[in-house]
Structure formats: structure tokens, C-alpha cells
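What follows is a set of notes on a single structure, which appears directly below.
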Amino acid sequence: MELCEGLQVLQDRGFIQQCTDLEGLNNAMKAAPITFYVGVDPTGPSIHVGHMVPVFALAHLKRSGHKPVLLLGGGTARIGDPSGKTEMRKMLTYEDINENVQSIQKQLSAVVTMDGKNGWFVNNADWLANLNYIDFLREIGVHFSVNRMLTFEAYKKRMETGLTFIEFNYQLLQSYDYLELYRRKKCTLQIGGDDQWGNIVAGIDLVRREEKAEVFGLTFPLITRADGKKMGKSEQGAIFLDPTMCSVYDFYQYWRNVDDRDVEKFLKLFTFLSLDEIKTICAPDADINKAKEVLAWEYTKLIHGKEKADEAIAAAKAAFGGDGQGDLEAMPSIEIAESEFEAGINIMDLFARTSLCASKSEARRLVSQGGAIVNDEKITDIDFIVKAGAVKDGNIILKAGKKRFFRVIVK
RNA sequence: GGGGAGAUUCCCGAGUGGUCAAAGGGGGCAGACUGUAAAUCUGUUGGCGAUGCCUUCGUAGGUUCAAAUCCUUCUCUCCCCA
């Protein structure tokens, strides 16, 4: 089967896990541009890189002429999706959800443009929030078989640990979203992570029953890392797009440090470099570290802009280059008054004030284990006092181990 | 509604009156090795200038010289029965 441009791109880049009817979808997409949607539930103030696969897929399809609807789940977030979770998520207040919708839409607007003619942001709170319970049950609820729902993997898993009725309803709401988007925008494709498979096919069934229409579903593989750790989780926490929750430098470093085995996969998923370029970058005789730099820079540029990406790469070069030269701008930092250094600051106190150490005890451990470095000088004495003499060009560079850097700006 | 089991430090999970800041594993951090990778080995992993003190074993009380461990209240979870 010859795939249309949009599907071919997704296929080549590793986005496709399963499709309800690839041939049918392909024919539909060849015949005319289609409208498709992907949902993001606003469960936090910022999305993180784990959310980004669908966004990239959306961007690729948009590039090949199809019309995206990016659905923000302001309504569904009031319920909470049990799919793939072992326990119930904490319930969010309506206020928090609304704020999350605002901030996430802002974040996503920077990555994909929705002009309101060929692409839209929608919030399902618009049609879910004021549903009438009885009407909903009579119109929508009748189409759902509890017996069948219980056979879904997402629920089966929860049979062990417990599942509440509110969560059990989630699938009906997401299915209703699909129906609503079909009615409003003739949306005929829903894409999402593979954990959404059950919700997606349920929606397709609902559209078929209510509208006698055939619509499609397509899922992406759940992206894992070669070392088996969860995608987008660093030791500090999730890699958020919001620079106040995850500095641009840390964002860059996360990708700069990915496992060798993941580089090519991530270049395909998280950048728009052509497959030829990626092939060259990842050739067996090419420098793998160069490839990681490309990945990190490209992705950082996409999210934070070229200027910030350049700063991050410069900061990394300064930190790891060895000569201490380069731009320190993007390195995480704090400001400390010069007068404090006149008096002298104890090494443990200094580290504890940075994000390098969470507590003084941690700083003590770091120092006594030989991981504390001030301006390239290893300090192992916990009584060491950092004085004004350590300030160079208004900075003191702290290192915790070999990879974690911090800049103290002395004012 | 009735009966049973359970809630432990970041996670899983031992611990059933003092020797428990709490085994073991995972994860994290650091050291060695290296390529800012992986794998491996070692150390470390609540807070505090500390051979001690403070906070932590679902919540609130109580018994005791002493409680994660015993009693009572409450909250929540799971299982069986209705």
C-alpha cells in the first residue's frame, strides 16, 4: 500500500504504533485533507516532554495539509483518566484546571500555530461542564457495555488496585469528545499515545452508532528510554517546557545526555530534521556526541527559541569545555552579595543555598565524598570557608560531581 | 450493612514494646572507569557543626520508664458476603 505523505512521514519517523484501519485512513487522507485531533489533559501547570510526541505528530500532519484540533481537556481533567495509572490521581480544583488550560495553551501556541481556520485549540469543558446527567446517560451511556469496558486493559489493571466510578466514566467523556468534534468540525481522526487506544476505539464506536460515520484512530508507541527509565524524567523531576520549572540549561543537558541507543529515535521524534540529515548525523562512523548536541540544540531551539538554545550550548561548552571560557548565561544561578564573601561563607552553607544540594546534610556528604568543586578546585574540608578571593569576573562556579554546574553571581 | 486484611522513610517492601532513623531491593547522589553515553565496582542516601539532639512508620488521643510495634477514635484502601 502506498501511503499518503502525512502517514508516510509518521511511519518513517516511528510515530505509528497501531491504527484502527490504516488502509481506510490512508484512502481518506489521500482523497482530501482531513480534520484530526489530539487531546492533552491539563493536569499540571506545564506540559513536559512526555506530552510532546502527539504534538510533534500533529505538527507533521499539519505540514502535510491536514487540519489539527488540539483539545485541551479542561472538562476531562475534572474526572481524571485512569488509563495507565495504578491509582487515582489527586482531584484538581476547577480553578487549578482553568489556570493549567491557560498556561498550557500558551506553551503550545509557541510550538504550533493555530490560526482558527486550519487549526484550532478547543477546550472540552465547553461541552462537558454543563452536561445534564440523565440526558447524557440516555443518549450516550446506552451505547457503552460495562462488560466490554471491563475487558479493556486499562480497567483490568485497576481491578487489582481499585477503580472508582468517577474514573470509570472517563472513557464515556472522551468518546463524547470525539463525537462532538465530529459533529462540530467533521473530525475523522483521533491520535494519541498507545495508552489511549481503548478510549479512542470507544470514541470511534460511539461516532459510528450515533452518526453512522466511519472515523479513525491512530496511536503512537509509548516512548521509552533504552535504560528503561521513564521518558522525560530526570533526577530533578520531569523535564518541563516551562523554563521556571526546568531551566533551559537542564532541558538542553537532558537531551545532550541521552543514551547512545536513543539518539536516532529521538531525532526522528523530536526534531524536524529530514531523515537524510538524521541518517548522516547518526552514521556509524559519525561522532555520536555531535549527534547528541544536534538533538539537544534542535529541540531546545524549538521550545525555547534559538537565542536561548545558543546560550545553553555555550553554557555547556563553558562547563564541559575545560578551558572555563564561554557563555555562562544559561547556567542555573543565584545571586549572593559580595559582602557575604567578605565575611566568608562556609562551603556546606554555600552549596546548600544552590540547587545543587537540597540540604546542608547533603552538602556535607558531597564535600566529604569529594564531589564538591569550587572554581575547578576540589574541596574536601567541611570547614572550608569561601572568601571574596574566589570570585572571578563576578562569578563563582560550583560543581557537584563532574556534571552538575552552578553559577554564583556575586553582586 | 456484616466479616476479614491493610496504611512504614522518594518507590516497593521487612519490622509486632527497648539494641529502629527503621532490613532488603529499586531509584537518587558521589567516587573509580569513560565519551557530558552505557555497563560494572565502591561508598552514601530524614534534618541539624552532631559519638548527641530534633522530626518521621495514615489521623487524633491513651497505656508504659520506653511505642512503627499495645489500646481507643477517625480517615482511606483492598478482599469476601449482602
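Convention: sequence-line order gives letters A, B, ...; per-chain numbering from 1.
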TODO: For A:V263, report the nucleic acid contact type (base, sugar-phosphate, nothing); a contact means any heavy atom under 4.0 Å.
DONE: nothing
Task: Nearest-Å distance once atom C1' is located in both B:C57 and B:A67 - done: 11 Å
- [ ] Using the C1' atom on both, measure B:C48 against B:G4 and round to a whole Å.
- [x] 44 Å
Between protein and nucleic acid, restricted to nucleotides 4-9 of chain B and to nitrogen or oxygen atoms under 3.5 Å apart, what atom pairs and distances do you find?
none

Open item on the list: Regarding A:N346, tell me which of base, sugar-phosphate or nothing describes its non-hydrogen contacts under 4.0 Å with the strands shown.
Closed with: base
TODO: Check the surroundings of atom CD in A:E153: do more than 12 heavy atoms from other residues, nucleotides or ligands lie under 6.0 Å from it?
DONE: yes
Open item on the list: Using heavy-atom distances to pick each residue's nearest nucleotide on RNA chain B, tell me which of A:S359 and A:Q253 is more 5'.
Closed with: A:Q253
Task: Nearest-nucleotide comparison on RNA chain B, the residue closer to the 5′ end among A:E362 and A:I373 - done: A:I373
- [ ] Return yes when atom NZ of A:K399 has more than 12 non-hydrogen atoms of other residues, nucleotides or ligands closer than 6.0 Å, and no otherwise.
- [x] yes
Open item on the list: Within the 4.0 Å heavy-atom criterion, would you say A:A372 contacts the bases, only the backbone, or no part of the nucleic acid?
Closed with: nothing
Open item on the list: Is A:R404 close enough to B:A30 that one of its side-chain N or O atoms is under 4.0 Å from OP1 or OP2 there?
Closed with: yes
Task: A:F56, A:F266, A:Y252 screened by ring-ring contact (aromatic ring centres under 6.0 Å, His included) with A:Y299, the one that passes - done: A:F56
- [ ] Using the P atom as the reference point in each nucleotide, state the distance between B:G46 and B:A21 in Å, no decimals.
- [x] 13 Å
Open item on the list: Quick check on B:C29: is either OP1 or OP2 less than 4.0 Å from any side-chain nitrogen or oxygen of A:K403?
Closed with: no
Open item on the list: Is a donor from one side chain sitting under 3.5 angstrom from an acceptor on the other, for A:T280 and A:E277?
Closed with: no
TODO: Using a cut-off of strictly less than 4.0 Å, decide whether A:R365 has a side-chain nitrogen or oxygen near OP1 or OP2 of B:G47.
DONE: yes
Open item on the list: With a 4.0 Å limit, can you tell me whether A:K290 has a side-chain N or O closer than that to the phosphate oxygens OP1/OP2 of B:G35?
Closed with: no
All N/O pairs under 3.5 Å across the protein-nucleotides 74-82 of chain B interface:
unit_1	atom_1	unit_2	atom_2	d
B:C79	OP1	A:M159	O	3.4

Open item on the list: For a quick check of understanding: with a heavy-atom distance under 4.0 Å over all strands, which category does A:R261 fall into, base, sugar-phosphate or nothing?
Closed with: sugar-phosphate
Task: Pairwise P distance for B:U72 and B:C78, with rounding to whole Å - done: 24 Å
